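Have a look at the structure below, then the notes.
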Protein chains: 2
Amino acid sequence: MVFKTDSAKKYLKKHGIKPSTIRIKVLQYLNDNKCHPTVDEIYKELIEDIPTLSKTSIYNTLELFLEKNIVDLVSIDDKESRYDIDTSAHGHFKCDICNKIYDFNIDTSGLNEEDIKGFIINKRKIYYEGICKDCLNESNH
Amino acid sequence: MVFKTDSAKKYLKKHGIKPSTIRIKVLQYLNDNKCHPTVDEIYKELIEDIPTLSKTSIYNTLELFLEKNIVDLVSIDDKESRYDIDTSAHGHFKCDICNKIYDFNIDTSGLNEEDIKGFIINKRKIYYEGICKDCLNESNH
DNA sequence: CTAAATGCAAACGGTTTGCAATGCT
DNA sequence: AGCATTGCAAACCGTTTGCATTTAG
């Protein structure tokens, strides 16, 4: 699903973000690459289109997107931050072998949250680690 | 609950760790301060007892503890790593106001993990963010 | 014209690394 | 003596900062 420039502009405006060139490109990249990219991955891709691009701008843009709640920060990787355009409730699974990150649906509504009753919960981050199916099959060869 | 030096030694040996002075002290610190301390916090405390202590040794020790599975890494704080001597299944709540980290019991057995069926799950990390009761009360004054 | 957005280079800070010094058996 | 542990200093690297430059309405 490609995010046309016009739709991207509208989308940003709707969320109170002035649609600059970089912001539109980053939004489109996130939408086309839902693999929770890092700043570096986004930068390496967009520098092809925008030769004067700086990483600072990527950082600024993602910071703004986080504030406006159109992306989520994924901290499953201890080294660098990843960004997810899918802000709906779901979990992330990281394979210890291939390091791929999988999304998975998770219904947290049934969870017993007695211990933190009366707390305001703004975000639930569910990170699993283990070995994915592909890597398990690989090791059976 | 204080971890006597002898018990700490036994505990380390049982988990295949040679009990050096630093390892014993770090274990005792983690056991006495179950607030998921950072490397810096541990270092600042232990340097009082061991004037020649280096941060590298704290890093080494915690790395070893992680390998031997007697501590868990808590990555709820994006800036620095925290370490938890309680390796039983439980969630962590971080207050956005006071930054305190609360443990809470959570029963993940009821979660629907259909999407990652066939995966080996080694670790489930549950991080919540929001506002804790204390800070909510504070704002009512 | 003006304010916002972008770019650049340096700084920052938690963590890692290589190696020398020390400690333990 | 020999091997593991510890300490030191520098390197590393993702991220932040300050400020100059450019862009857009």
Side-chain angles (χ1 to χ4, degrees), chain A residues 5-6 8-10 12-13 15-29 36-68 70-71 73-83 99 101, chain B residues 5 8-9 12-13 15-29 36-68 70-83 94 99 101:
Chain A
T5 303
D6 278 355
K9 262 188 205 176
K10 262 187 210 162
L12 290 174
K13 273 185 197 162
H15 289 88
I17 299 169
K18 257 211 280 186
S20 70
T21 310
I22 291 178
R23 289 169 185 171
I24 292 166
K25 292 270 185 198
V26 171
L27 177 65
Q28 287 177 321
Y29 182 86
H36 330 92
T38 63
V39 165
D40 199 57
E41 285 165 357
I42 300 170
Y43 175 77
K44 285 213 170 77
E45 176 74 22
L46 297 196
I47 189 83
E48 306 284 334
D49 282 11
I50 314 165
T52 60
L53 184 66
S54 72
K55 268 193 193 176
T56 307
S57 298
I58 307 288
Y59 279 107
N60 288 340
T61 301
L62 291 168
E63 185 61 34
L64 181 64
F65 285 7
L66 281 174
E67 277 167 26
K68 300 296 185 180
I70 68 167
V71 298
L73 184 61
V74 179
S75 307
I76 200 171
D77 192 323
D78 287 326
K79 299 277 160 260
E80 43 194 344
S81 295
R82 297 179 168 276
Y83 298 85
N99 284 314
I101 295 174
Chain B
T5 304
K9 261 189 204 172
L12 289 174
K13 274 186 197 160
H15 288 89
I17 300 169
K18 257 211 279 186
S20 69
T21 308
I22 291 178
R23 288 167 188 172
I24 292 166
K25 292 270 186 199
V26 171
L27 177 64
Q28 287 177 322
Y29 182 85
H36 330 91
T38 64
V39 164
D40 200 56
E41 285 165 357
I42 301 170
Y43 174 76
K44 285 213 170 76
E45 176 73 22
L46 298 197
I47 189 81
E48 307 284 335
D49 282 9
I50 315 166
T52 60
L53 184 66
S54 72
K55 268 192 195 178
T56 308
S57 298
I58 308 288
Y59 278 108
N60 289 339
T61 301
L62 291 168
E63 184 62 33
L64 182 64
F65 285 7
L66 281 174
E67 277 167 25
K68 300 296 186 179
I70 68 166
V71 297
D72 268 343
L73 184 62
V74 179
S75 308
I76 200 171
D77 192 322
D78 286 327
K79 298 277 159 260
E80 44 194 343
S81 295
R82 296 179 169 275
Y83 299 86
K94 190 184 82 179
N99 285 313
I101 295 173

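As the structure is a computational prediction, the values presented were derived from the model and not from experiment.
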Phosphate contact ([N] OP1 or OP2) by [X] side-chain N/O below 4.0 Å:
X       : N      : answer
A:Lys79 : C:dT16 : yes
A:Thr52 : C:dG7  : yes
A:Ser54 : C:dG7  : yes
B:Tyr59 : C:dT16 : no

* Identify whether any heavy atom of A:Lys55 sits under 4.0 Å from a base atom; if not, whether one sits that close to sugar-phosphate; answer base, sugar-phosphate or nothing. => nothing
Rounded to whole angstrom units, what separation is found between the [atom1] atom of [X] and the [atom2] atom of [N]?
X       : N      : atom1 : atom2 : answer
A:Ile24 : C:dA5  : CD1   : C1'   : 13 Å
A:Lys25 : C:dT6  : NZ    : C1'   : 16 Å
A:Ile58 : D:dT15 : CD1   : P     : 12 Å
B:Glu63 : D:dT6  : CD    : P     : 14 Å
A:Asp78 : C:dT16 : CG    : C1'   : 14 Å
A:Asp77 : D:dC13 : CG    : C1'   : 13 Å
A:Asn60 : C:dG7  : CG    : C1'   : 10 Å
B:Tyr83 : C:dG14 : OH    : C1'   : 10 Å

* To do: Would you confirm whether A:Arg23, through its side chain, and A:Thr61, through its main-chain N or O, come within 3.5 Å as a donor-acceptor pair?
  => no
* B:Arg82 side chain to B:Val74 backbone, donor-acceptor under 3.5 Å -> no
* Using a cut-off of strictly less than 4.0 Å between a heavy atom of the residue and any atom of DNA chain D, enumerate the qualifying residues of residues 36-51 of chain A by number. => none
Closest nucleotide among [options] to the [X] side chain:
X       : options               : value
A:Arg23 : D:dG7, C:dA5, D:dT16  : C:dA5
B:Ser20 : D:dT15, C:dT16, D:dT5 : D:dT5
A:Lys18 : D:dG7, D:dT15, C:dA4  : C:dA4
A:Thr56 : D:dG7, C:dT6, C:dA9   : C:dA9

For [X] against [Y], the heavy-atom pair lying closest together:
X       : Y       : answer
A:Leu73 : A:Ser81 : CD1-CB, 3.6 Å
B:Ser54 : B:Tyr43 : C-CE1, 3.8 Å
B:Leu66 : B:Asp72 : CD2-C, 3.9 Å

* To do: To the nearest 0.5 angstrom, please state how far the CG atom of A:Leu62 sits from the CG atom of A:Leu27.
  => 10.5 Å
* Decide, yes or no, whether a salt bridge links B:Lys44 with B:Asp40 under the criterion of side-chain N to carboxylate O below 4.0 Å. => yes
